[in-house]
*Asks:* 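I am attaching a structure below and will ask some questions about it afterwards.
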Protein chains: 2
Amino acid sequence: MPSKNKELITELLKSSKLSITETRVKILELFLKSNGALEHADFEKLSGKSFDRVTIYRTLQTFLDKGIVHKIPTTDTSVRYAICRSECREHEHHDHHVHFRCEECGSTQCLEETDIPVLSLPKGYDVRNVEVVVSGVCKACH
Amino acid sequence: MPSKNKELITELLKSSKLSITETRVKILELFLKSNGALEHADFEKLSGKSFDRVTIYRTLQTFLDKGIVHKIPTTDTSVRYAICRSECREHEHHDHHVHFRCEECGSTQCLEETDIPVLSLPKGYDVRNVEVVVSGVCKACH
DNA sequence: AATAAATTGCAACTGTGTTGCAAAAGTATA
DNA sequence: TATACTTTTGCAACACAGTTGCAATTTATT
Ligand SMILES: [Zn+2]
Ligand SMILES: [Zn+2]
Ligand SMILES: [Zn+2]
Ligand SMILES: [Zn+2]
């Protein structure tokens, strides 16, 4: 099972034209292991503090640029990242799915199966992207 | 015109059971003047740096607690606040309107007239609040 | 294996948000 | 209006988040 992930990760990095480094592999492993979004502090904790903070920042930025991960809006100062399953490409993030934040367990999940609804804004507004963040109680905590 | 705002602000503070102080009046004036959401740095700039950072943080937190302002989700580390026009009460923010972020001018606006659409999530998810943030080009920049 | 290119870690720095406490301002009462 | 009481503010100090330049290390290429 872990070796299967490693193959997948190698392929993902190659197809993004990124060199395969320990940090990148480890961070992608954490994304695949976790069932929700992660924020910067999680990587420092989960990785056993083996990586420098700066490296983690830079790796996440690289993954963002390449469309490997996307950000999820929050009302606080934290920045949450989730791995892109499908529709993101380099420098062009379109997350056509809803995000869910559980008020019980604090996890943030991508609801890939739930489409963003169609919105009609007042005239004069040119819509490029729509983000939906739902908060409440998740499946597991219910 | 400015005196009319001042009356309005005084009433607002009184009805929230808050004492009327220079900082609070000034910050509410800035909210009423601005046509979009503001973040912490804006208050330091716009107020002419007359207030201490700490005071601004505490004032915004007080306004949040009293339902005078609400937060708007972002994908970066900034926290944006907008004044509540209607439906918020103490410790209970329900922003049943859409937020718009203009990629040209950088402003964030409350679209009070645009309702949050109805969503159907997978079974087991208990929805308490839905936030919608649209990005694109605003009326003024079009 | 040698070279070239990219990535990482460190040091130093800037910015953001918090807490405790004394001074100042606001409110209530006489 | 003067006084006492309560709340708010500003300062100092701190903890944590994020950035930049540069040299050392790692990865890819030949
Ligand atoms: Zn949960
Ligand atoms: Zn997602
Ligand atoms: Zn605009
Ligand atoms: Zn709003």
Side-chain angles (χ1 to χ4, degrees), chain A residues 6-7 9-30 37-66 68-69 71-81 90 106 108, chain B residues 6-7 9-30 37-66 68-69 71-81 90 106 108:
Chain A
K6 243 173 192 127
E7 270 180 53
I9 286 167
T10 303
E11 273 318 299
L12 182 55
L13 288 172
K14 271 185 190 166
S15 69
S16 299
K17 287 167 190 168
L18 290 173
S19 49
I20 293 148
T21 70
E22 210 192 325
T23 320
R24 288 174 181 162
V25 171
K26 182 71 183 177
I27 287 185
L28 287 175
E29 277 177 347
L30 291 174
L38 297 171
E39 51 187 277
H40 180 268
D42 295 328
F43 298 103
E44 294 196 78
K45 282 172 211 149
L46 295 174
S47 70
K49 291 184 182 181
S50 47
F51 303 116
D52 192 80
R53 286 170 345 103
V54 180
T55 306
I56 297 172
Y57 283 120
R58 288 197 271 226
T59 303
L60 291 171
Q61 186 57 54
T62 304
F63 287 174
L64 265 183
D65 292 344
K66 293 291 184 176
I68 295 173
V69 301
K71 287 184 181 182
I72 300 167
T74 66
T75 53
D76 57 36
T77 56
S78 68
V79 182
R80 267 189 275 282
Y81 301 84
E90 186 162 359
T108 300
Chain B
K6 237 166 196 133
E7 270 180 52
I9 285 167
T10 304
E11 273 318 300
L12 181 54
L13 288 172
K14 271 184 189 165
S15 69
S16 299
K17 288 169 190 168
L18 291 174
S19 49
I20 293 148
T21 70
E22 210 192 326
T23 320
R24 287 174 182 164
V25 171
K26 182 72 184 177
I27 286 185
L28 287 175
E29 278 177 346
L30 291 175
L38 297 171
E39 51 188 276
H40 180 268
D42 295 329
F43 298 103
E44 294 196 78
K45 283 173 210 151
L46 294 174
S47 71
K49 291 185 183 183
S50 47
F51 303 117
D52 192 80
R53 286 169 345 103
V54 181
T55 305
I56 297 172
Y57 282 120
R58 288 196 272 224
T59 303
L60 290 171
Q61 185 57 55
T62 303
F63 287 173
L64 265 183
D65 291 344
K66 293 291 185 176
I68 294 173
V69 301
K71 286 184 182 180
I72 300 167
T74 66
T75 51
D76 56 37
T77 57
S78 68
V79 183
R80 268 189 274 281
Y81 301 85
E90 187 162 358
T108 300

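So that the names make sense, note that chain A is the first sequence line, chain B the second, and so on, each numbered from 1.
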*Asks:* Just to verify, what does B:Asp76 make a side-chain hydrogen bond (donor to acceptor under 3.5 Å, both in side chains) with, not counting sequence neighbours?
*Replies:* B:Thr74, B:Ser78
*Asks:* What pairs with B:Arg53 under side-chain contact (heavy atoms from CB on, under 4.5 Å), at least two apart in sequence or on another chain?
*Replies:* B:His40, B:Glu44, B:Tyr57
*Asks:* At under 4.0 Å, does any side-chain N or O of B:Thr55 touch on OP1 or OP2 of D:dG10?
*Replies:* yes
*Asks:* Whole-Å distance between D:dT7 C1' and B:Lys66 NZ?
*Replies:* 12 Å
*Asks:* Among residues at least two apart in sequence or on other chains, which ones pass side-chain hydrogen bond (donor to acceptor under 3.5 Å, both in side chains) with B:Glu22?
*Replies:* none
*Asks:* Whole angstrom is fine here: how far is it from NZ in A:Lys45 over to C1' in D:dC16?
*Replies:* 12 Å
*Asks:* On a heavy-atom basis, which atom in B:Thr75 and which in A:Ile72 lie closest, and how many Å separate them?
*Replies:* CG2-C, 4.2 Å
*Asks:* Which residues in residues 18-28 of chain B have a heavy atom closer than 4.0 Å to any atom of DNA chain D?
*Replies:* B:Ser19, B:Thr21, B:Thr23, B:Arg24
*Asks:* Quick one: B:Leu60 CG to C:dT18 P, roughly how many Å, whole number?
*Replies:* 11 Å
*Asks:* How many whole angstroms separate atom CG of B:Asp52 from atom P of C:dT18?
*Replies:* 13 Å
*Asks:* So, using ring-ring contact (aromatic ring centres under 6.0 Å, His included) as the criterion, who are the partners of A:Phe43 when residues are at least two apart?
*Replies:* A:Phe31
*Asks:* Find the distance A:Leu64:CG to D:dG18:C1' and express it as a whole number of Å.
*Replies:* 14 Å
*Asks:* Not counting sequence neighbours, which residues clear side-chain contact (heavy atoms from CB on, under 4.5 Å) with A:Thr23? List them please.
*Replies:* A:Thr21, A:Ile27, A:Phe51, A:Thr55, A:Thr59
*Asks:* Can you find a heavy atom in the side chain of B:Val79 that is under 4.5 Å from one in the side chain of B:Leu60?
*Replies:* no
*Asks:* Does B:Glu39 have any salt bridge (Lys or Arg N to Asp or Glu O under 4.0 Å) partners at least two apart in sequence or in another chain, and if so, which?
*Replies:* B:Arg80
*Asks:* Could you list the residues that satisfy salt bridge (Lys or Arg N to Asp or Glu O under 4.0 Å) with B:Arg24, not counting sequence neighbours?
*Replies:* none
*Asks:* Who are the side-chain contact (heavy atoms from CB on, under 4.5 Å) partners of A:Val25, not counting sequence neighbours?
*Replies:* A:Lys6, A:Ile9, A:Leu13, A:Ile20, A:Glu29
*Asks:* What string of B, S and - do you get for nucleotides 20-25 of chain D, 5' to 3', if B is base contact, S is sugar-phosphate-only contact and - is no contact with any protein heavy atom under 4.0 Å?
*Replies:* BB----
*Asks:* Kindly write out the residues that satisfy side-chain contact (heavy atoms from CB on, under 4.5 Å) with A:Lys45, not counting sequence neighbours, or none if the list is empty.
*Replies:* A:Ala41, A:Asp42
*Asks:* Heavy atoms from C-beta onward define the side chain here; which of C:dG9, D:dT19, C:dT16 lies closest to that of B:Arg53?
*Replies:* C:dT16
*Asks:* Grab the OH-P distance between B:Tyr81 and C:dG17 for me, whole Å please.
*Replies:* 7 Å
*Asks:* For A:Asp76 and D:dC16, what is the distance between atoms CG and C1' respectively, to the nearest whole Å?
*Replies:* 14 Å
*Asks:* Tell me the bend of the helix from C:dA1-D:dT30 to C:dA30-D:dT1 as the angle between end helix axes, each from five pairs, rounded to the nearest 10 degrees.
*Replies:* 40°
*Asks:* Tell me the interatomic distance from B:Ile56, atom CD1, to C:dT18, atom C1', rounded to whole angstroms.
*Replies:* 15 Å
*Asks:* Quick check on DNA chain D: between A:Ala41 and B:Thr59, whose nearest nucleotide comes earlier from the 5' end?
*Replies:* B:Thr59
